[in-house]
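Step one of this worksheet: look at the structure below.
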Amino acid sequence: MAEYQAQAKSASSKMSTLKKSPSYKKASSKLKKAKSTAKQSKAAYDKYMKKRHATALKRVAQQRQENYKRFMAPHASLHATNSLTGLEVFLFATDESETNDSTATTYPIDKDDPVVDHVQRTAKTITINGYLYDQKAGKRLWSGTKDDVSGSGLPKKSCRQQYNNLKKWQFDGTELVYKSNAANDVGKRVMNKIYYKHLFMTNLTKTLDAPLLGMMKISMTFQFAYKAKVTTTSKGTKNNKGKKTTGGKYVGAKYITVKKGMTYWGLAKKYGTTVAQLRKWNGSEKVTMYPGKNGKYPVKLRVTQGMSTAALSKSLVKNKASTSAASTLSKIAKQLSK
């Protein structure tokens with residue numbers, strides 16, 4: 001251990017000397033400028049993407065307004081929540097339904113009905129039935145006019161192309177916004193509206209039961225949910241027992257090729273484990289440490305357990321295999337002295 005401490009002190013001294021050198025200071029200055037440039041570039045990129053998203057939403061709103069006069073029945077639209085292009089799919093909605101499901105935890109009791117102590121909401125499902133239609137002037141179920149919005153801003157796209165847009169959203173797991181906006185009928189009666197964000201399409205069905213000109217009968221099912229945010233950090237966090245866990249990158253288990261003269265005892269000492277653990281990972285040394293008839297060893301040996309770099313460093317310090325730790329630090333010191 002004394003040798004290990006001496007090597008650590010030497011490495012620390014070399015590092016201190018290196019930090020004072022002109023080349024290190026120059027490199028540090030360049031790194032600082034690079035980080036500043038990267039930060040500014042990210043800020044500019046985020047600003048651009050925010051502006052692009054705002055422009056896309058304006059286009060969505062404009063298309064929806066232009067499309068409003070086309071219908072005498074409920075009409076609806078779909079677009080991506082974080083749209084950057086303004087892509088929107090319109091449909092002629094014939095019916096819309098909302099289903100809310102919950103799970104009640106019940107317990108049977110003697111000579112009476114079960115009792116419940118917990119109710120958990122499990123799902124909200126939105127089902128839409130309707131028709132896609134060609135986004136262009138032509139024959140359809142309602143009459144068009146000379147100044148129809150079909151030719152004044154809406155993109156020309158067939159119902160098949162729009163169906164492919166829906167499929168891509170479904171397969172990509174895109175978060176969607178669905179909005180229906182019922183128009184007044186002849187009697188000035190207004191149907192209910194559905195307006196939902198945070199929808200994920202779980203089913204898309206097209207039905208070919210009648211010849212339709214420029215139209216396609218479809219059914220869609222959506223699941224209402226908030227998308228989880230996944231974050232990573234190199235800092236330690238607290239587990240459920242309140243103890244701080246180690247951070248850093250994860251290092252996978254190490255496997256080595258068996259060579260003549262190796263033993264489980266020698267490998268256990270070198271890699272800071274035990275003979276029993278090596279047997280648990282690889283099996284008996286009577287099988288793994290002897291070559292077969294072809295002269296080759298049967299398998300590669302697992303000699304370490306995967307862990308974070310911080311935990312690995314801590315393990316090296318505490319491990320009895322101080323010779324291995326000293327050797328590692330010696331290599332570091334040699335690199336710093338170059």
Side-chain angles (χ1 to χ4, degrees), residues 60 63-83 85-101 122-145 148-151 153-187 189-225 227:
V60 166
Q63 289 182 98
R64 188 180 293 130
Q65 185 177 9
E66 291 175 349
N67 199 61
Y68 182 82
K69 297 180 181 179
R70 298 190 69 171
F71 297 93
M72 56 184 178
H75 54 291
S77 64
L78 275 166
H79 67 84
T81 303
N82 298 320
S83 176
T85 62
L87 174 63
E88 191 168 17
V89 173
F90 290 95
L91 62 144
F92 186 101
T94 56
D95 61 88
E96 304 165 329
S97 65
E98 176 187 310
T99 304
N100 293 278
D101 297 319
T122 56
K124 176 181 284 188
T125 305
I126 312 297
T127 303
I128 311 295
N129 295 312
Y131 295 87
L132 293 174
Y133 52 87
D134 289 350
Q135 288 285 354
K136 60 183 180 180
K139 294 181 180 180
R140 50 185 185 267
L141 296 179
W142 53 92
S143 58
T145 63
D148 197 301
V149 293
S150 304
L154 287 177
K156 293 186 177 182
K157 186 178 289 188
S158 69
C159 57
R160 185 177 295 276
Q161 289 174 313
Q162 294 177 80
Y163 180 76
N164 289 335
N165 291 147
L166 294 176
K167 281 201 303 183
K168 189 174 189 309
W169 280 339
Q170 181 193 10
F171 295 159
D172 291 347
T174 303
E175 183 179 316
L176 300 170
V177 175
Y178 175 84
K179 183 176 183 180
S180 63
N181 196 353
N184 295 346
D185 65 6
V186 179
R189 293 170 295 182
V190 180
M191 298 181 67
N192 291 331
K193 306 174 184 179
I194 284 186
Y195 181 24
Y196 271 118
K197 301 178 181 179
H198 313 298
L199 295 181
F200 296 87
M201 192 183 302
T202 57
N203 179 268
L204 173 63
T205 305
K206 66 177 178 181
T207 304
L208 307 176
D209 58 354
L212 299 173
L213 181 60
M215 300 188 73
M216 181 186 295
K217 187 177 180 180
I218 66 166
S219 175
M220 296 178 293
T221 303
F222 300 94
Q223 189 82 29
F224 177 85
K227 181 171 285 188

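We count residues from 1, following the sequence as given.
Under the side-chain contact (heavy atoms from CB on, under 4.5 Å) criterion, Lys168 pairs with Asp172, not counting sequence neighbours. Taking Gln223 as the reference, nothing meets the side-chain hydrogen bond (donor to acceptor under 3.5 Å, both in side chains) condition, with sequence neighbours excluded. Every side-chain contact (heavy atoms from CB on, under 4.5 Å) that Thr85 has, sequence neighbours left out, goes to Arg52, Ser83, Leu87. Partners of Tyr163 by ring pair (Phe, Tyr, Trp, His ring centres under 6.0 Å), not counting sequence neighbours: none found. For Asn203, the side-chain contact (heavy atoms from CB on, under 4.5 Å) partners two or more places apart in sequence, or in a different chain, are Thr205, Thr221. By the side-chain hydrogen bond (donor to acceptor under 3.5 Å, both in side chains) test, Tyr131 is found to be paired with no residue, residues two or more places apart in sequence or in another chain being considered.
The distance from the CG atom of Leu132 to the CZ atom of Arg160 is 11.0 Å, given to the nearest 0.5 Å. Between Lys217 atom NZ and Leu208 atom CG the span is 10.5 Å, to the nearest 0.5 Å. Rounded to the nearest 0.5 Å, atoms CG (Leu176) and CG (Leu199) are 7.0 Å apart. Separating the OG atom in Ser158 from the CG atom in Asn164 is a distance of 8.0 Å, to the nearest 0.5 Å. To the nearest 0.5 angstrom, Leu91 atom CG is 9.0 Å from Gln162 atom CD. The distance from the OG1 atom of Thr207 to the CE atom of Met216 is 10.5 Å, given to the nearest 0.5 Å.
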Item to check | Audit row: Tyr196, Phe224, ring pair (Phe, Tyr, Trp, His ring centres under 6.0 Å) steps and yes/no | outcome: CA-CA 8 Å; Tyr196 271 118; Phe224 177 85; 5.7 Å; yes

Next on the checklist: I'd like to know whether Ile218 forms a side-chain contact (heavy atoms from CB on, under 4.5 Å) with Leu166, so could you lay out the CA-CA distance, the side-chain angles of the two residues, the decisive distance to 0.1 Å, and finally the verdict.
Outcome noted: CA-CA 11 Å; Ile218 66 166; Leu166 294 176; 4.0 Å; yes

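Nearest heavy-atom pair across Ile128 and Glu96 is CD1-CG, 3.6 Å. For the pair Tyr133 and Phe92, the tightest heavy-atom approach, listed with the atom from each and the gap, is CE2-N, 4.0 Å. Shortest non-hydrogen contact noted between Ala80 and Thr174 is CB-CG2, 3.8 Å. Contact detail for His79 and Trp169: the closest heavy-atom pair is CA-CH2, 3.9 Å. Residues Met201 and Gln170 come closest through the heavy atom pair O-CG, 3.5 Å.
Between Phe222 and Tyr178, the ring-plane angle classifies as tilted under the 30° and 60° cut-offs.
Side chain of Thr127 to backbone of Ser97: no donor-acceptor contact under 3.5 angstrom is found.
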